[in-house]
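For reference, the structure is listed below as C-alpha cells.
One-based numbering along the sequence shown.
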Amino acid sequence: MKIGYYAIFDYNEYDKKEEAYGISISFPDIPECISCARSEEEGILMAQEALKLNTLTMQVYELPKMTPLKDINLKDNEKAFYISYNTEDIDLSEFTFYDNEGNVIFLQRK
C-alpha cells in the first residue's frame, strides 16, 4: 500500500551558510510528525523517514485523510512537497510497537 501526505517545508530560519537553523518540516494531517533538515534534498529524506515512523502504527488503526494541496495555505517562506512510501518496502520485523498500555502490537500486512 502506498502512503503519502504533503509535508510543509518552512524556510523561516533557513540560512544557506548553515549559521542558523535549517528547514522545519511538518505534516498538516499528522501534527505529531515533524522533522528538520539543512537542505531540500536532506529534507525529503528526513520527511519520508518521519512519515514512515509516524504512520506505521497508524496502519493498525486508521490513517488520516490527506488534505488536498489546494486546501493548504502556505506562507511566503513555505513550500509543500508530496512525501510517500510503499508499505511493502518496510520490513516490519525490524520494529516493535506498543499500544497505550505498553502491550506489544504485532503489525501484519493486509
Side-chain angles (χ1 to χ4, degrees):
M1 174 170 78
K2 187 172 184 179
I3 294 177
Y5 291 93
Y6 285 102
I8 306 304
F9 283 38
D10 183 340
Y11 298 83
N12 191 39
E13 300 285 335
Y14 186 63
D15 177 0
K16 289 184 181 180
K17 296 178 185 175
E18 297 185 9
E19 294 172 3
Y21 297 100
I23 302 164
S24 298
I25 303 167
S26 62
F27 288 80
D29 299 314
I30 310 170
E32 63 275 9
C33 187
I34 58 173
S35 191
C36 62
R38 293 278 182 199
S39 68
E40 282 185 0
E41 295 79 17
E42 181 185 45
I44 290 168
L45 294 173
M46 297 301 289
Q48 188 176 52
E49 185 72 17
L51 182 63
K52 287 178 189 177
L53 292 171
N54 279 271
T55 57
L56 278 174
T57 55
M58 288 181 179
Q59 292 177 53
V60 174
Y61 307 104
E62 185 175 321
L63 292 168
K65 191 173 183 178
M66 182 183 73
T67 302
L69 181 59
K70 66 178 181 60
D71 294 338
I72 297 174
N73 296 319
L74 296 173
K75 298 175 186 165
D76 290 339
N77 58 317
E78 296 177 333
K79 285 185 191 178
F81 289 87
Y82 180 74
I83 305 295
S84 67
Y85 72 96
N86 188 337
T87 59
E88 300 300 316
D89 296 337
I90 306 295
D91 181 1
L92 296 178
S93 67
E94 296 178 6
F95 300 92
T96 303
F97 298 99
Y98 301 91
D99 65 13
N100 291 338
E101 286 81 41
N103 302 309
V104 174
I105 301 171
F106 296 99
L107 301 182
Q108 297 178 1
R109 301 207 189 280
K110 294 181 181 180

Q. Mind checking whether L45 and F81 sit in one hydrophobic cluster, side chains of I, L, V, M, F, W, Y counted as touching below 4.5 Å?
A. no
Anything under 3.5 Å between a donor and an acceptor, one on a side chain of residues 27-36, the other on a protein residue two or more places apart or in another chain? List them.
unit_1, atom_1, unit_2, atom_2, d
D29, OD1, T67, N, 3.4
D29, OD1, T67, OG1, 2.4
D29, OD2, T67, N, 2.9

**Q.** Closest contact, heavy atoms only, Y6 versus P68
**A.** CE1-C, 4.5 Å
Q: Please list, chain by chain and in numerical order, all residues satisfying side-chain hydrogen bond (donor to acceptor under 3.5 Å, both in side chains) with S84, sequence neighbours excluded.
A: none
Q: Taking all non-hydrogen atoms of both residues into account, name the closest pair between I8 and E78 and its distance.
A: CG2-CD, 3.7 Å
Q. If you round to the nearest 0.5 Å, how far is CD of E42 from CD1 of I23?
A. 8.0 Å
Q | Non-hydrogen atoms of L74 and A80 that approach each other most closely | A | CD1-N, 3.9 Å
Q. Same hydrophobic cluster for L63 and L51, using side-chain heavy-atom links shorter than 4.5 Å among ILVMFWY?
A. yes
Q: Identify the two heavy atoms, one from M66 and one from Y82, that lie closest to each other, and give their separation to 0.1 Å.
A: SD-CE1, 3.6 Å
(Q) Looking at N86, I'd like to know if its CG atom is crowded, meaning that more than 12 non-hydrogen atoms belonging to other residues, nucleotides or ligands lie closer than 6.0 Å. (A) yes
Q) Taking all non-hydrogen atoms of both residues, which atom of A37 and which atom of M46 are closest, and how far apart? A) CB-CG, 4.4 Å
Q. So how far is it from I83 CD1 to I44 CD1, rounded to the nearest 0.5 Å?
A. 5.5 Å
Q | Pair Y85-T55, side-chain donor/acceptor within less than 3.5 Å | A | yes
Q. Just how far is it from atom NZ of K79 to atom OH of Y11, taken to the nearest 0.5 Å?
A. 4.5 Å
